[in-house]
Amino acid sequence: MSHEALLLTYLREQWPLLDQLRLGVWVALHEPLTEDDDQAITPVRKAWLLDHRQAHPCSAVSYKIFSEAQTNPGAGGRFERGSARLAPYPTEGHYYLDYQAGPLFGEAWRVRIDEGHVVRVRGLWKS
């Protein structure tokens, strides 16, 4: 299984509020980070809409529209969908992974792929 598929499966299995987020979770794969980055600030390479069954590929433009609506204070229906971001680190098999399910509920981890499993290496932030 590819690293992308493993990370998407991990998010689906670990997502803390998937049942409460009736519209699913947007997931963005960003361009690679530097070894010291602790947030995914690089451009989006790919995007998916994750639901209970699978990850549906979407355009990066669709994700951009979603993320801009989430940051617009006048946007209605905030956080009916969650968001998650992934980005590879230079170290092979290491990734930035975060999720946000509301303004005060989210966390970020550095994870690694180890023998087909996603393993948390270090917490980066939590809200």
Side-chain angles (χ1 to χ4, degrees):
M1 188 179 295
S2 73
H3 286 190
E4 285 177 13
L6 285 169
L7 291 163
L8 290 167
T9 299
Y10 178 81
L11 278 170
R12 192 174 67 248
E13 291 171 350
Q14 299 296 316
W15 187 259
L17 294 175
L18 190 56
D19 291 336
Q20 296 172 23
L21 295 170
R22 63 184 179 84
L23 299 178
V25 178
W26 277 103
V27 180
L29 174 66
H30 289 255
E31 293 291 335
L33 304 175
T34 68
E35 200 63 51
D36 297 326
D37 285 335
D38 62 358
Q39 58 182 320
I41 55 173
T42 55
V44 174
R45 188 187 319 174
K46 288 183 176 181
W48 299 267
L49 185 57
L50 186 64
D51 64 20
H52 295 284
R53 293 180 306 273
Q54 66 184 51
H56 306 273
C58 298
S59 72
V61 171
S62 295
Y63 175 81
K64 183 175 166 67
I65 291 168
F66 161 77
S67 68
E68 287 176 3
Q70 287 291 89
T71 58
N72 177 357
R78 286 177 53 95
F79 299 109
E80 289 183 358
R81 283 193 172 122
S83 64
R85 296 179 297 172
L86 308 168
Y89 281 108
T91 303
E92 178 66 28
H94 283 236
Y95 290 84
Y96 171 91
L97 179 150
D98 77 14
Y99 62 82
Q100 193 79 27
L104 298 175
F105 189 82
E107 62 184 328
W109 291 86
R110 182 176 182 134
V111 300
R112 66 181 159 78
I113 306 297
D114 185 18
E115 297 182 14
H117 299 283
V118 176
V119 177
R120 291 179 175 185
V121 173
R122 171 171 61 93
L124 301 172
W125 59 260
K126 187 172 187 169
S127 64

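All values below were derived from every heavy atom in this structure, side-chain atoms included, with hydrogens, water molecules and symmetry-related copies excluded.
Under the side chain to side chain contact (heavy atoms under 4.5 Å, CB included) criterion, E35 pairs with Y89, P90, T91, R110, not counting sequence neighbours. Take A55 and apply the side chain to side chain contact (heavy atoms under 4.5 Å, CB included) test, not counting sequence neighbours, and it matches L8, W48, L50. Residues satisfying the ring pair (Phe, Tyr, Trp, His ring centres under 6.0 Å) test with H30, not counting sequence neighbours, are none. Shown here are the side chain to side chain contact (heavy atoms under 4.5 Å, CB included) partners of I113, two or more places apart in sequence or in another chain: H3, L6, L7, Y95, V118. Remark: E4 engages K46 in a side chain to side chain donor-acceptor pair (under 3.5 Å) (not counting sequence neighbours).
Between the side chain of T42 and the backbone N or O of L33 there is no donor-acceptor pair closer than 3.5 Å.
Note on residues 115-125: no pairs pass salt bridge (Lys or Arg N to Asp or Glu O under 4.0 Å), not counting sequence neighbours.
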Evaluate side chain to side chain contact (heavy atoms under 4.5 Å, CB included) for D37 paired with Y96, printing each intermediate quantity in order.
CA-CA 9 Å; D37 285 335; Y96 171 91; over 6 Å; no
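K64 has its side chain out of reach of P43: every pair of non-hydrogen atoms, C-beta onward, lies at least 4.5 Å apart. For the pair V27/C58, no side-chain contact is recorded, criterion being any heavy-atom separation below 4.5 Å from C-beta on. Contact annotation: the side chain of Q39 never approaches that of D98 to less than 4.5 Å [non-hydrogen atoms, C-beta and beyond].
Atom CZ of residue R45 and atom CD of residue E31 lie 4.5 Å apart, to the nearest 0.5 angstrom. The distance from the CH2 atom of W26 to the CG atom of L49 is 5.5 Å, given to the nearest 0.5 Å.
Hydrophobic cluster membership is shared by V25 and L11, with clusters built from Ile, Leu, Val, Met, Phe, Trp and Tyr side chains linked at under 4.5 angstrom. Both W109 and Y10 sit in one connected hydrophobic cluster of ILVMFWY residues. Membership requires side-chain heavy atoms under 4.5 Å apart, directly or through other members.
The shortest non-hydrogen separation linking P88 to L29 is CD-CD1, 4.2 Å. Among all heavy-atom pairs drawn from S59 and A47, the shortest one is O-CB, 3.8 Å.
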